[in-house]
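A short worksheet on the structure shown next.
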Amino acid sequence: MSYKKDTICVQGGYRPKSGESRIPPISQSTTYFYDSTQGMADLFDLKADGYFYSRLANPTVAAFEGKVTELEGGAAAVGCSSGMAASTLAAFTVCCAGDNIVSSSAIYGGTFNLFAVTLPKLGIETRFFDPDAPAEEIEKLIDDKTRLIFTETIANPAIKILDFEKIAGIAKKYGVLFAVDNTLATPILCRPFEWGANVIIHSSTKYLDGHAAALGGMIVDGGNFNFKNNPRYASFNEPDESYHGLVYADLPSAQFATKCRAQMMRDIGAMMSPQNAFLSWLGCDTLALRMERHSANAKKVAAYLDSHPKIDWVWHASLPANKYHKLAEKYLPDGQGGMLSFGIKGDVKKAAVFMESLKLITQETHVADVRSCVLHPASTTHRQLSKAELEEAGVPENLVRLSVGIENADDIIADIEQALAGI
Ligand SMILES: *Cc1c(COP(=O)(O)O)cnc(C)c1O
């Protein structure tokens with residue numbers, strides 16, 4: 001029986017047996033008891049499903065992994081300690097020194113640093129492309145050492161919408177694994193596996209948890225990539241000596257997730273905590289409702305800002321004149337999410353006065369939870385950059401990033417109105 005996404009939000013990932021607790025208990029335990037040596041040996045051999053140590057798997061984390069897997073329509077998922085841990089482990093699952101990643105340049109700042117600064121120190125190179133570039137240009141970056149194409153569904157803070165078919169076409173043509181960070185769209189607004197993605201990354205810290213309560217990350221395996229005899233993925237086709245000769249490409253399903261857990265999680269240990277998995281599982285109950293409200297509110301706020309004389313420009317794909325409106329109609333037809341950016345006419349100082357005048361909307365580095373919040377990158381996260389560097393990064397100095405919450409839209413707009421009146 002396959003259910004609709006809003007049903008999966010409340011019923012997915014955990015199905016208790018008679019007499020068990022209705023929602024997943026927090027399995028606050030590092031280890032698990034077995035009464036036979038064989039029972040444990042079968043787990044180590046991956047012949048049986050079960051738990052032996054919480055660095056590798058935990059029942060509460062499994063409930064959340066199950067819910068996200070069902071929501072995305074994937075084969076399996078691996079819960080991680082943060083979104084950054086998820087991107088790092090996903091990269092390590094396919095890349096080693098000498099390999100390269102071909103990545104969109106319009107990605108989360110932390111991921112950009114990981115790819116541009118940290119992974120190169122380990123011998124993994126990243127080649128960045130403009131996601132709006134034609135396929136022929138992006139293709140030129142791929143060679144026989146390319147192991148991963150990396151993108152974001154809704155890129156932050158430029159709010160660019162990904163042209164999935166263009167990227168999926170390139171990935172298929174060259175037999176390269178296609179990964180998408182779906183954090184800001186969530187499976188409620190877009191399901192990347194339906195558009196050709198093979199791996200989905202989430203920072204569950206954002207909308208999945210939704211309440212700014214728990215850090216977390218998720219790697220979802222689409223189970224739809226053919227690793228068998230693909231020369232790019234020797235590490236899936238050769239026996240893993242650290243796992244007594246297991247050949248991941250020969251597994252019947254979830255080859256990527258299994259290698260990620262058995263090798264990378266085992267060795268690196270950036271596992272999601274049971275407490276955070278519980279909070280995130282619970283938060284996900286209302287994900288479908290929240291995304292509907294976030295999108296509707298952001299659409300109203302975008303339209304309001306767009307007609308305001310003190311506003312220079314507004315980026316949100318719901319606006320008919322937005323560069324990504326057509327792509328959003330195709331890939332995000334049920335709503336374009338709660339993230340928007342806008343420019344205040346005038347200099348950096350005007351933006352700062354605006355930010356400080358807000359009463360309901362708070363200044364935070366966080367995004368994508370139930371409460372509306374704003375950030376002025378030029379005076380905070382991008383403070384070190386010059387005016388020219390800001391322009392180059394696609395973050396003009398007057399840019400304000402607004403994460404629209406689920407409060408009443410009239411109250412959000414009234415707060416913006418009174419703050420704009422003061423500048
Ligand atoms: C926040 C974020 C991340 C990183 O997630 P953390 O949980 O903070 O490590 C990755 N991608 C996107 C799109 C994000 O917004």
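Every number for a ligand or one of its atoms is a count from 1 in the order of the listing.
- Both the sub-6.0 Å distance and the 45° axial angle are not jointly satisfied by Lys172 relative to the ring of Phe164.
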Please tabulate, one line per pair, the protein N or O atoms found under 3.5 Å from any N or O atom of ligand 1, giving the distance to one decimal.
from, atom 1, to, atom 2, distance (Å)
ligand 1, 5 (O), Ser203, OG, 2.9
ligand 1, 7 (O), Gly83, N, 2.8
ligand 1, 7 (O), Ser203, OG, 2.8
ligand 1, 7 (O), Thr205, OG1, 2.6
ligand 1, 9 (O), Gly83, N, 3.1
ligand 1, 9 (O), Met84, N, 2.9
ligand 1, 11 (N), Asp181, OD2, 2.6
ligand 1, 15 (O), Lys206, NZ, 2.7

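- Remark: Glu329 pairs with no residue by the salt bridge (charged side-chain N to carboxylate O under 4.0 Å, His left out) rule, at least two apart or across chains.
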Go through Arg371 and Asp369 one step at a time and tell me if the salt bridge (Lys or Arg N to Asp or Glu O under 4.0 Å) criterion holds. CA-CA 6 Å; Arg371 284 160 284 270; Asp369 73 75; 3.7 Å; yes
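- Within the structure, salt bridge (Lys or Arg N to Asp or Glu O under 4.0 Å) pairs that include any residue of residues 58-72 comprise Arg15-Glu70, Glu65-Arg261, Lys67-Asp285 (at least two apart or interchain).
- A cation-pi geometry, defined here as NZ or CZ lying under 6.0 Å from the six-membered ring centre and within 45° of its normal, holds between Lys259 and Phe236.
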Which atom pairs, donor and acceptor, lie under 3.5 Å between side-chain atoms of residues 333-345 and protein residues at least two apart or in another chain?
from, atom 1, to, atom 2, distance (Å)
Gln336, NE2, Leu332, O, 3.0
Ser341, OG, Pro157, O, 2.6
Lys345, NZ, Pro309, O, 2.7

